Amino acid sequence: MVERIKARTLRKRVLKRIAFVDVKPVEAPRRIVQLVVKDPKLIEEVDKLDMQDLIEAEVERVGEDLVVKSLKVLFKNLEPFPIAKKEHGPDFLLRMRHLAIRGIRYPKIFYVEHVVTWSAIKHLVDEGRKRVHPPLIIASATEGGAILFPVDRFGERKFFLSESAQLYLEAMIFALGKVFSLTTSSRMEKSRTRRHLAEFRHLEAEAADYGFEDILDAQERLVKAIVRGVLEDEDASEIVKEFRGKRMDELDRLLKEKFPRITYDEAIEILRKKGVDIKRGDDLGADEERILTEDFEVPVFVTLYPTEQKAFYVKRVPDRPEVCYSADLMLPRYGEITTGGEREDDYYKLLEEIKRRGLKPEDYRRYLDLRKYGSIRHSGYGLGIERFVHRLLDLEHIRDATPFPRFYGRSTFV
RNA sequence: GCCGCCGUAGCUCAGUCCGGUAGAGCGCCCGGCUGUUAACCGGGCGGUCCGGGGUUCGAAUCCCCGCGGCGGCGCCA
């Protein structure tokens, strides 16, 4: 049976009387197919092929082989493809990212990212959440930091790129109850680490009538739904196995076991027992997070952080106002993957907290209105898609978890 | 904002400590090979040694400044 195939060449091995060409079919570029060429005239043609030429071939299946019967070059490279089969440095691959994504490794990563994203969205919709579309140009900071990207002169005023949709989601719960958004958040954090991007895909959710425990449960369900979705997808599951090597049991346990929940105070105690010089009130740095999670096999929630360490909008624990209803979900040996909590719903307490932190109440007038005109207990969380993929695939650097990464310290972008 | 490392062929790097006329592998071009799969074997082409200044008879190599890249801290998802 002869079939026609349109494909892009990837590698070739040409011998005297036989040639082999690895190609990626146009309609399924993640698949690598080996074509066998025996006809002397066609071998001559194959010898002239460059990587990434687009060919059309008639092939016949002979046993295991796909034997080429005819060959036509539809698009010929004008110059040799710059990306070789062998090793490249990170800088070169970033400069060439628009071409590198044609390779073997990147398509796998971005396919998994698609499955991760889709599994998350499907889970949230199945749970009754509605997807909403918050703005990306904002007037004032969500968390009051100096990390905002300014939008240069939009009219008279200066605006910024959003670093979180949270404040808008809090408004939207009054329209739709349980909502979520998937937007691009931008943060000018001057971070040069393998888990930071200046621009990342931010999945955020907010729900009316959700308390602190409810939102922890919601985050646990989401993380499990994503992992389940990936494992149930045959291709994605295979890719994850390939990237993670033997460490698949960790994912099986993640699905089966309830995520432990320890308080910040308990985390400090654990660290002290492990010989870390730390006391209550201190920040949990990267080292501390790693040491803390090294004995856990599944993600662990660290809850009830000191109020001073968290944002102004987090609700304080009524009989212990020095701590608040905020939790980070930490992955073993990685660190934070989500942060969530219950929001302060009392107008006067929120106003007082804004003033106490030196923020301007007029910048948060509309946010305060959400409490002024009849509020409700509510909670939410945020998850970084790239971080999830980074950890799921055990990638060296988070910048490989997005096609066109932007991060601090790089002067040019593809 | 802070700490550390690096810049040599299209790509990945050696040569830098201890100054003396530029190297390898891959890619590319040519030739060989009946089953390859990072094919293999032989040959060839290919260089502003990041830029500028200084020391020296002589600088890829030592010193200073600049630019670019990489890792980490803090911050965060």
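Not measured: the values here are computed from a predicted model. Just so you know, these numbers use all the heavy atoms, side chains as well, and skip hydrogens, waters and symmetry mates.
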query = With both distances under 3.5 Å as the test, what is the Watson-Crick or G-U wobble partner of B:G68?
reply = B:C6

query = Given that both distances must come in under 3.5 Å, which nucleotide forms a Watson-Crick or G-U wobble pair with B:G27?
reply = none

query = Say you pick atom P in B:G44 and the same atom in B:C26; how far apart are they, in whole Å?
reply = 14 Å

B:C40 to B:U34 separation - C1' atoms, rounded to the nearest Å = 14 Å

message = Under a 3.5 Å cut-off for both contacts, is B:G47 paired Watson-Crick or G-U wobble with anything, and if yes, with which nucleotide?
response = none

query = Looking for any heavy atom pair under 4.0 Å, which part of the strands does A:Ser191 touch: base, sugar-phosphate only, or nothing?
reply = base

ask   = How far, in whole Å, is B:G10 from B:C67 if one measures between their P atoms?
value = 25 Å

ask   = Which whole number of Å gives the distance between the P atom of B:G19 and that of B:C45?
value = 32 Å

ask   = Taking the C1' atom of each, how far is B:C70 from B:C33, in whole Å?
value = 43 Å

query = Going by the angle between their ring planes, with limits at 30° and 60°, are A:Tyr305 and A:Tyr264 parallel, tilted or perpendicular?
reply = tilted

key: Nearest-neighbour nucleotide for the A:Arg410 side chain, B:G35, B:G69, B:G1 considered   = B:G69

key: Base B:G68 to side chain A:Asp91, donor-acceptor N/O within 3.5 Å cut-off   = no

ask   = What nucleic acid atoms does A:Ile43 come within less than 4.0 Å of, heavy atoms only: base, sugar-phosphate, or nothing?
value = nothing

query = For A:Tyr325, what residues pass the ring pair (Phe, Tyr, Trp, His ring centres under 6.0 Å) criterion, not counting sequence neighbours?
reply = A:Phe212

request  = Quick one: label A:Gly409 by what it contacts on the DNA or RNA (base, sugar-phosphate, nothing), any heavy atom closer than 4.0 Å.
outcome  = sugar-phosphate

Side-chain N,O (A:Ser411) to OP1/OP2 (B:G69) below 4.0 Å = yes

ask   = Does A:Phe259 have its ring centroid less than 6.0 Å away from the ring centroid of A:Phe296?
value = no

inquiry  = Please determine whether any donor N or O and acceptor N or O are separated by less than 3.5 Å between the side chain of A:Arg17 and the base of B:U34.
reply    = no

ask   = Across the strands shown, which category fits A:Ala286 at heavy-atom distances under 4.0 angstrom: base, sugar-phosphate, nothing?
value = sugar-phosphate

message = Between A:Arg192 and B:G71, is there a contact of a side-chain N or O with OP1 or OP2 at under 4.0 Å?
response = yes

query = Is there a Watson-Crick or G-U wobble partner for B:C73 with both distances under 3.5 Å, and which nucleotide is it?
reply = B:G1

request  = Can you check whether any acceptor in the base of B:G35 is under 3.5 Å from a donor in the side chain of A:Lys38, or vice versa?
outcome  = yes

ask   = Among the nucleotides B:U12, B:C33, B:G68, which one has an atom lying closest to any side-chain atom of A:Phe92?
value = B:U12

task = Give none if B:G35 has no partner; otherwise give the nucleotide forming a Watson-Crick or G-U wobble pair with it, both distances under 3.5 Å.
result = none

message = Quick one: does any side-chain atom of A:Ser181 pair with a main-chain N or O of A:Pro134 as donor and acceptor, under 3.5 Å?
response = no

key: Distance-only donor-acceptor test, A:Arg387 side-chain atoms vs B:C76 base atoms, 3.5 Å   = yes

request  = In whole angstrom, give me the gap between the P atoms of B:C75 and B:C28.
outcome  = 49 Å

ask   = How are the rings of A:His114 and A:Tyr111 set to each other: parallel, tilted or perpendicular (split at 30° and 60°)?
value = tilted

note = A:Asp283 has its side chain closest, among B:C75, B:A77, B:U12, to B:C75

message = Counting only Watson-Crick pairs (N1-N3 plus N6-O4 or O6-N4) and G-U wobbles (N1-O2, O6-N3), all under 3.5 Å, who is the partner of B:U55?
response = none

query = Quick one: the side chain of A:His88 and the base of B:C11, do they pair up donor-acceptor inside 3.5 Å?
reply = no

ask   = When rounded to the nearest Å, what value does the distance between C1' atoms of B:G74 and B:G66 take?
value = 28 Å

Pi-cation contact, A:Phe200 with A:Arg195 (under 6.0 Å, within 45°) = no

A:Glu44 atom CD, neighbour heavy-atom count above 12 within 6.0 Å = no

task = Please state the P separation for the pair B:C62 and B:A14 - nearest whole angstrom.
result = 14 Å

